[in-house]
Structures are given as C-alpha cells and as structure tokens.
Amino acid sequence: SHKLVQLLATTAE
Amino acid sequence: IFPSVLSPEQFVTTLIEAEPPNVLLMNRPNKPFTEASMMMSLTKLADKELVHMIGWAKKIPGFVELCLYDQVRLLESCWLEILMVGLMWRSIEHPGKLIFAADLILDRDEGKCVEGILEIFDMLLAATSRLRELKLQHKEYLCLKAMILLNSNMFPLTMGSDDPDSSVKLRHLLNAITDALVWVIAKSGLPYRQQSNRLANLLMLLSHVRHASNKGMEHLLSMRCKNVVPVYDLLLEMLNAHTLRDH
C-alpha cells in the first residue's frame, strides 16, 4: 500500500 | 503526546481539532443516476475522504507513536467503517436520506439503480435511525469513530510488527479512548445506571457498523469485478488490502 504509507509518512498536512 | 498524560477532556478536545473537513463531490452528474454514474460518484467521494481520514488518524493522540506497520493495518481494516459512521453522523437529522456530501444527498429509493446497494442503504439508514433515537452527541460520535480505528485489528498486530511496544501502546490508547467516552457520557448528567446502559447501547451499534462495512466491501469488490466502476488510487489500495487478506 504505497500511497497510504506515503501519506502516513508525510509530516506536513 | 502520549495519551496517558492527557485527561479525558483534553483527549476529546484533540479529537474535535482532528476532525476532517466536509468533502464535496464537486462535479455531480445530472439525475437520474445510472448504476455507473452513482458508483462513480460514491467512489470518487470515498477516495477524497480517505486522504482526509489519514490526516485525521495522525492527529489522534498516540496514533503516530504506533509503528508504521500497525498504523497501516488499522487504517486498512477500518476505512469503510469510518466512512460509514461519518455518513451516519451527517445523516442523523435527515430521516430516509443519506448525506454522502452536501452535494450528494441520496434518497433510499435511489439505491434501486445500483444492483445490491439498496440492502446496504437500508442497513445504513437503520443504524442512523438508532443513533437518532439515542440522540447521539457530537463528542460521543468522535469517541466512537476513534474507537473503531483503534479496535479494528482482527489479528494480533505484533505478528508482523517489528515493534513489540506498539501493541502495548495500542492497548493504552484504547483505554484512553474508553475513558474519554465514559467521561463524555458521565458529563451528560444521566443517572449512573443509565450511563452504563448508554455506553453499552453505543458500543453495540459498532457491530452494526462493522456488518454494514463488510457488506459494502463485498459490494464494491463485485462492482469492480463486473467493471461497473473503475477503482483507482488510494481507494484501490484500500480495497485490495481487504481482498488480499481474505484469500
């Protein structure tokens, strides 16, 4: 689940 | 912030601040819907909401302290339940209608145009009427939604996790959210015995949300297999997570 991990990993909202 | 240092009141305050914005569909197709256009609208909206859901989860005190693997598993397990409980909350004042978004309000009978979806609409409407009957309060709704996320693991999370502390943290988090819900109910001024009844009634509803979500997942999968609607992006990932797990 690439996009989910990517969104979880980004700190800036 | 570790949740155990937050009072229930502070915990609820952070939940209020974590609330995602209301999403609009924007380009709503003209009525009447066809099977394809309704499924397209619903999946487009879900995809938009999912992005905000991840932002919401990250703002729940303690969630980002869990290992990434656990964060992924929890969100993959519960995303449709979270979408559905949000839909119920938006629809609570509108009997017979499902307020998917301010620009996507569907009547029960409109579910007839998508094969198999009417049954799910009826489940959602029934659970929503029960919440209306119980006069669900906003803060209770916020606690229940966070509880769905934190309680969504069906397998011991540590099985594939590289961080054994993560499941301990998760248990702490679940206790913190339980304390928050108990505090919200106690603050309502109900007699003690009725407080326990209310807590039980609210928690019992969560099994109905899980049931509707399972039915919805099955339905979305069949719509995708029959090529009624293309599923892409984040929604596709989230749907695949369920499909792969079931096999």
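Below, all heavy atoms of this structure are taken into account, side chains as well, without hydrogens, waters or symmetry copies. Letters go in sequence order (proteins before strands), and every chain restarts at 1.
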What pair of heavy atoms forms the shortest contact from B:E237 to A:K3, and how long is it? OE2-N, 2.6 Å
With a 3.5 Å distance limit and no angle check, can you tell me whether B:K58 reaches the backbone of A:L7 through a side-chain donor-acceptor pair? yes
Rounded to the nearest 0.5 Å, how far apart are CZ of B:F63 and CG of A:L8? 6.0 Å
Tell me the closest heavy-atom pair linking B:L234 and A:L4, and the distance in Å. CD1-N, 3.8 Å
